[in-house]
Amino acid sequence: MSTTRRRSTGSPTGVARKELILRAAAKVFSEKGFSAATVRDIADDADMLSGSLYYYFDSKEAMVEEVLVEYLDSMVRGYDVAVSEADGPVVALEQLVACALRGLVENRQHVTILQNDWHYVGPMKGIVERQHQIEKVWLETIQRGIDAGEIRDDIDARMIYRTIMGAIQAVIRWFNPRGRVGIDRVIEVQTAILLDGIRTA
């Protein structure tokens, strides 16, 4: 599945209006679900006429793809920085876990869309490409740890990746950003639970 996105005029007003639409789209899709949400819902949230949205996007599919691509691009950049600045593969994995958890709580709407509407958005070209990039960063880091003898070699790297990512993604279901436990403590606990089981020492 692929979608097309119109270009904005590039003017400050055009860019601002497009960002307004994307923020509204993220909110509406996360609250109503992709299939139930309408272009009118997004226009109403952005305080615009429905027809105005088609100047920037061909369809709601194009809107949700751009919403998610922006989020996934930010995660790819964060992962790349985390790995490049880490001293060794295990430290890199610790930083990847922290980056993933912070990205999750800071982009709750985007993660909610990905989790609840994966059957709609997963096949989109932009999403597929970013998911491959993310998986590549994690798998290469895990494999470096295995090759260096710092991570257990009796567990497949892809299984390690999927187990860690599954646990991280579940956090959105129970973490309350205004609750008693902050994200720093969640990162500390998650890192200990997820990584201590795969370290060789």
Side-chain angles (χ1 to χ4, degrees), residues 1-81 96 99-139 161-162 164-177 183:
M1 180 187 299
S2 64
T3 62
T4 57
R5 298 184 291 277
R6 297 185 187 276
R7 294 181 180 274
S8 69
T9 61
S11 67
T13 300
V15 171
R17 285 172 69 85
K18 186 175 182 180
E19 287 302 314
L20 177 63
I21 294 168
L22 290 173
R23 287 195 298 272
K27 179 175 180 288
V28 170
F29 288 138
S30 67
E31 291 177 351
K32 293 195 170 188
F34 177 73
S35 62
T38 66
V39 172
R40 180 178 293 278
D41 291 330
I42 297 168
D44 288 346
D45 195 272
D47 196 22
M48 297 171 63
L49 296 174
S50 298
S52 300
L53 273 62
Y54 289 105
Y55 180 74
Y56 300 93
F57 298 96
D58 292 326
S59 63
K60 71 172 187 176
E61 286 80 8
M63 291 182 211
V64 75
E65 183 178 21
E66 185 145 342
V67 164
L68 295 176
V69 162
E70 285 192 355
Y71 159 64
L72 293 172
D73 277 344
S74 71
M75 293 307 300
V76 170
R77 290 192 296 270
Y79 289 151
D80 286 341
V81 171
L96 287 177
C99 183
L101 285 166
R102 291 191 189 283
L104 181 144
V105 301
E106 292 170 2
N107 299 275
R108 180 177 291 267
Q109 292 176 339
H110 303 77
V111 177
T112 297
I113 298 167
L114 282 168
Q115 291 189 0
N116 292 347
D117 292 301
W118 181 251
H119 53 299
Y120 289 113
V121 303
M124 292 178 175
K125 184 173 183 291
I127 310 303
V128 171
E129 291 174 351
R130 273 69 179 186
Q131 287 296 114
H132 285 165
Q133 292 173 25
I134 289 171
E135 185 175 274
K136 183 173 183 289
V137 172
W138 280 82
L139 289 178
Y161 164 68
R162 289 177 173 170
I164 292 175
M165 191 59 71
I168 289 171
Q169 291 174 348
V171 170
I172 196 174
R173 304 293 182 183
W174 56 263
F175 177 72
N176 180 1
I183 188 58

Could you give the side-chain donor-acceptor pairs of residues 45-53 under 3.5 Å, partners two or more places apart or in another chain?
from	atom 1	to	atom 2	distance (Å)
D45	OD2	K27	NZ	3.1

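- When side chains are defined from C-beta on, Y161 does not count as touching V137, because their heavy atoms never get closer than 4.5 Å.
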Run the side-chain contact (heavy atoms from CB on, under 4.5 Å) check on K60 and V64 step by step: do they pass?
CA-CA 6 Å; K60 71 172 187 176; V64 75; over 6 Å; no
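- Put simply, the side chain of V111 reaches to within 4.5 Å of the side chain of Y71, judged on heavy atoms.
- With values rounded to the nearest 0.5 angstrom, S35 atom OG is found 10.5 Å from N116 atom CG.
- Nearest approach of L104 to I168, heavy atoms of both residues: CD1-O, 3.3 Å.
- A pairwise comparison of heavy atoms in W118 and P123 identifies O-CD, 3.9 Å as the closest pair.
- In this structure, W138 and Y79 have perpendicular ring planes: the angle between them is above 60°, well past the 30° mark.
- Checked against side chain to side chain contact (heavy atoms under 4.5 Å, CB included), R162 has the following partners two or more places apart in sequence or in another chain: R158.
- No side-chain N or O of Q109 forms a donor-acceptor pair with one of R23 less than 3.5 Å apart.
- In this structure, L72 CG and H132 NE2 are separated by 12.5 Å, a value rounded to the nearest 0.5 Å.
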Step by step, work out the side-chain contact (heavy atoms from CB on, under 4.5 Å) result for I172 and V105.
CA-CA 7 Å; I172 196 174; V105 301; over 6 Å; no
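- Considering OH of Y55 and CZ of R17, their distance stands at 10.0 Å, rounded to 0.5 Å.
- Listed by chain and number, the residues in a salt bridge (Lys or Arg N to Asp or Glu O under 4.0 Å) with R102 are D184 (sequence neighbours excluded).
- Other residues, nucleotides and ligands place more than 12 heavy atoms under 6.0 Å from the CZ atom of R108.
- Interatomic distance, CZ of R130 versus CD of E70, reported as 10.0 Å (0.5 Å rounding).
- Closest approach of F34 to D117, counting heavy atoms only: N-OD2, 3.0 Å.
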Walk me through it: do M165 and E135 pass the test side-chain contact (heavy atoms from CB on, under 4.5 Å)?
CA-CA 10 Å; M165 191 59 71; E135 185 175 274; over 6 Å; no
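- Counting only distance, with no hydrogens or angles, the side chain of Q115 and the backbone of Q169 share a donor-acceptor pair below 3.5 Å.
- Here the shortest heavy-atom pairing between I21 and I42 reads O-CG2, 4.0 Å.
- A donor-acceptor contact shorter than 3.5 Å is absent between the side chain of D41 and the backbone of A37.
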Let me see the working for Y54 and V39 under side-chain contact (heavy atoms from CB on, under 4.5 Å), right down to the final yes or no.
CA-CA 9 Å; Y54 289 105; V39 172; 3.5 Å; yes
